[in-house]
Enquirer: 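My structure is below; once you've seen it, I'll send some questions.
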Amino acid sequence: MARAVTTQHKTIATAAAWIVALLIFFPILYTIITSFKSEQEAIQGFNLIPSGTTESYAEVQAQSGYFKFFLNSVILSVGSTLLAILIAVPAAWSMAFSPTKRTKDILMWMLSTKMMPAVAVLFPIYLIFRDSGLLDSRIGLTVMLMLINLPIVVWMLYTYFREIPGEILEAARMDGASLWNEIIYVLTPMAVPGIASTMLLNIILAWNEAFWTIRLTTTNAAPLTAFISSFSSPQGLFWAKLSAASTLAIAPILIMGWFSQKQLVRGLTFGAVK
């Protein structure tokens with residue numbers, strides 16, 4: 001029998017949840033507030049009341065083209081996500097519905113690659129990109145972002161596919177469906193919530209990736225993460241301009257996450273955290 005939850009307990013839990021949410025969101029909020037200050041106000045110390053000036057946004061737009069970096073971020077995040085899905089769906093299908101005694105070892109090996117510090121492989125990756133002519137190219141960076149997030153995509157899709165009864169796929173085979181027809185017309189439509197949430201998460205991860213995007217690009221393929229770092233110079237940090245650049249960079253992904261939060265939660269509860 002389930003234990004009854006009192007109104008007092010609900011109130012305390014709700015208040016605690018709001019406190020945690022505000023603590024998590026506060027750095028973003030303070031960044032937005034600082035972006036509406038002058039440089040002199042920004043360096044004076046902690047202050048939650050901005051002057052309301054937009055001079056930092058004007059200077060940021062005057063110094064560099066925001067929309068060029070924005071377009072690169074869209075191409076890199078969406079392109080790497082679609083490429084990862086194309087590879088991860090067949091991989092997750094094989095491990096979910098045709099497992100072998102090495103399947104768990106392969107999954108753990110894939111996950112272990114995320115534990116290695118990125119700086120440990122920076123030198124060989126940089127040499128490969130240099131010798132292949134992929135430095136500062138959208139194609140090279142798209143492939144790199146796909147490889148970075150591919151283990152997470154495979155793991156998430158694997159957990160989603162495990163929730164689908166294998167009998168459905170067996171029935172499709174008995175009706176004469178080929179392997180690809182089984183994946184495309186039977187499996188994929190049933191896992192749409194899980195695939196959608198995986199794509200959303202991968203887009204967010206690719207959008208926020210800074211280590212590789214800064215080190216493998218200069219101008220042509222530089223995304224918004226490189227746009228933000230350009231406001232850090234040997235002369236110091238320009239806090240108001242840096243906050244304005246950060247606000248412009250996080251605004252698209254913040255809006256997308258806000259409007260797709262229901263789909264994201266639904267997809268995550270479909271199998272990943274069940």
Enquirer: Distance check, rounded to the nearest 0.5 Å: I228 atom CD1 versus L248 atom CG?
Expert: 9.0 Å
Enquirer: Please test V74 against F70 for side-chain contact (heavy atoms from CB on, under 4.5 Å), starting from the C-alpha separation and ending with a verdict.
Expert: CA-CA 6 Å; V74 172; F70 172 78; 3.8 Å; yes
Enquirer: Hey, what do you get for OG (S246) to NZ (K241), rounding to the nearest 0.5 Å?
Expert: 13.5 Å
Enquirer: At what distance, to the nearest 0.5 angstrom, does OG of S94 lie from OH of Y158?
Expert: 10.0 Å
Enquirer: Could you pull out the closest heavy-atom pair between S132 and I128, with the gap in Å?
Expert: OG-O, 2.8 Å
Enquirer: Please report the shortest heavy-atom distance between S56 and S35, naming the atom on each side.
Expert: CB-O, 3.7 Å
Enquirer: In the single-linkage hydrophobic clustering (I, L, V, M, F, W, Y; side-chain heavy atoms under 4.5 Å), do L242 and F227 co-cluster?
Expert: yes
Enquirer: Are T217 and D136 close enough that a side-chain donor and a side-chain acceptor fall under 3.5 Å?
Expert: no
Enquirer: By the definition side-chain contact (heavy atoms from CB on, under 4.5 Å), identify the one residue from L82, V89, I87, L83 that meets it with I85.
Expert: V89
Enquirer: Determine whether the side chains of T225 and T213 contain a donor N or O and an acceptor N or O closer than 3.5 Å.
Expert: yes
Enquirer: I'd like to know if V78 and W207 are part of one continuous hydrophobic network [Ile/Leu/Val/Met/Phe/Trp/Tyr, side-chain heavy atoms within less than 4.5 Å].
Expert: yes
Enquirer: Any idea which heavy atoms bring I164 and F97 closest together, and the distance?
Expert: O-CE2, 3.7 Å
Enquirer: Side chains of S243 and T31, heavy atoms from C-beta outward: is any pair under 4.5 Å?
Expert: yes
Enquirer: Does any part of the side chain of Y30, heavy atoms only, come nearer than 4.5 Å to the side chain of P27, both counted from C-beta?
Expert: no
Enquirer: Would you say CD1 of I139 has more than 12 non-hydrogen atoms from neighbouring residues, nucleotides or ligands within 6.0 angstrom?
Expert: no
Enquirer: Is the count of non-hydrogen atoms from other residues, nucleotides or ligands lying under 6.0 Å from F25 atom CZ greater than 12?
Expert: yes
Enquirer: Less than 4.5 Å apart, any side-chain heavy atom of P165 and any of I168?
Expert: yes
Enquirer: Same cluster or not: are L205 and L200 linked, directly or through other Ile, Leu, Val, Met, Phe, Trp or Tyr residues, by side-chain heavy atoms under 4.5 angstrom apart?
Expert: yes
Enquirer: Give, for atom CE of M95 and atom CG of L107, the distance between the pair rounded to the nearest 0.5 Å.
Expert: 4.5 Å
Enquirer: Could you report the tightest heavy-atom contact between A222 and F69, atom names first, then the distance?
Expert: O-CD2, 3.2 Å
Enquirer: Work out which heavy atom in G79 is nearest to a heavy atom in T142; give both atom names and the distance.
Expert: C-CG2, 3.6 Å
Enquirer: Output every pair passing side chain to side chain donor-acceptor pair (under 3.5 Å) with a member in residues 69-91, not counting sequence neighbours, ordered by first then second residue.
Expert: N72-R138, T81-N202
Enquirer: If you group Ile, Leu, Val, Met, Phe, Trp and Tyr whenever their side-chain heavy atoms sit less than 4.5 Å apart, what else falls in with L135?
Expert: L76, M116, V119, V121, L122, I125, Y126, F129, L134, L141, M144, L145, I148, F211, W212, L216
Enquirer: Identify the two heavy atoms, one from A206 and one from N149, that lie closest to each other, and give their separation to 0.1 Å.
Expert: N-ND2, 3.9 Å
Enquirer: Just by distance, with hydrogens left out, do S197 and Y160 show a side-chain donor and acceptor under 3.5 Å apart?
Expert: yes
Enquirer: How far does OG1 of T14 sit from CH2 of W18, to the nearest 0.5 angstrom?
Expert: 10.0 Å
Enquirer: Rounded to the nearest 0.5 Å, how far does CG of L48 lie from OG1 of T34?
Expert: 8.5 Å
Enquirer: Apply side-chain contact (heavy atoms from CB on, under 4.5 Å) to M256 and I204, showing your working.
Expert: CA-CA 9 Å; M256 185 191 75; I204 293 172; 4.2 Å; yes
Enquirer: With K37, which residues qualify under salt bridge (charged side-chain N to carboxylate O under 4.0 Å, His left out), at least two apart?
Expert: none
Enquirer: Does the side chain of I152 come within less than 4.5 Å of M156's, by heavy atoms?
Expert: yes
Enquirer: Would you say L147 and I203 are hydrophobically clustered, going by side-chain heavy atoms of ILVMFWY under 4.5 Å?
Expert: no
Enquirer: Same cluster or not: are F67 and I253 linked, directly or through other Ile, Leu, Val, Met, Phe, Trp or Tyr residues, by side-chain heavy atoms under 4.5 angstrom apart?
Expert: yes
Enquirer: Tell me whether the centres of the aromatic rings in F36 and Y57 are closer together than 6.0 Å.
Expert: yes
Enquirer: Look only at the side chain of K68 and the backbone of T219, and say whether a donor-acceptor pair between them is shorter than 3.5 Å.
Expert: yes
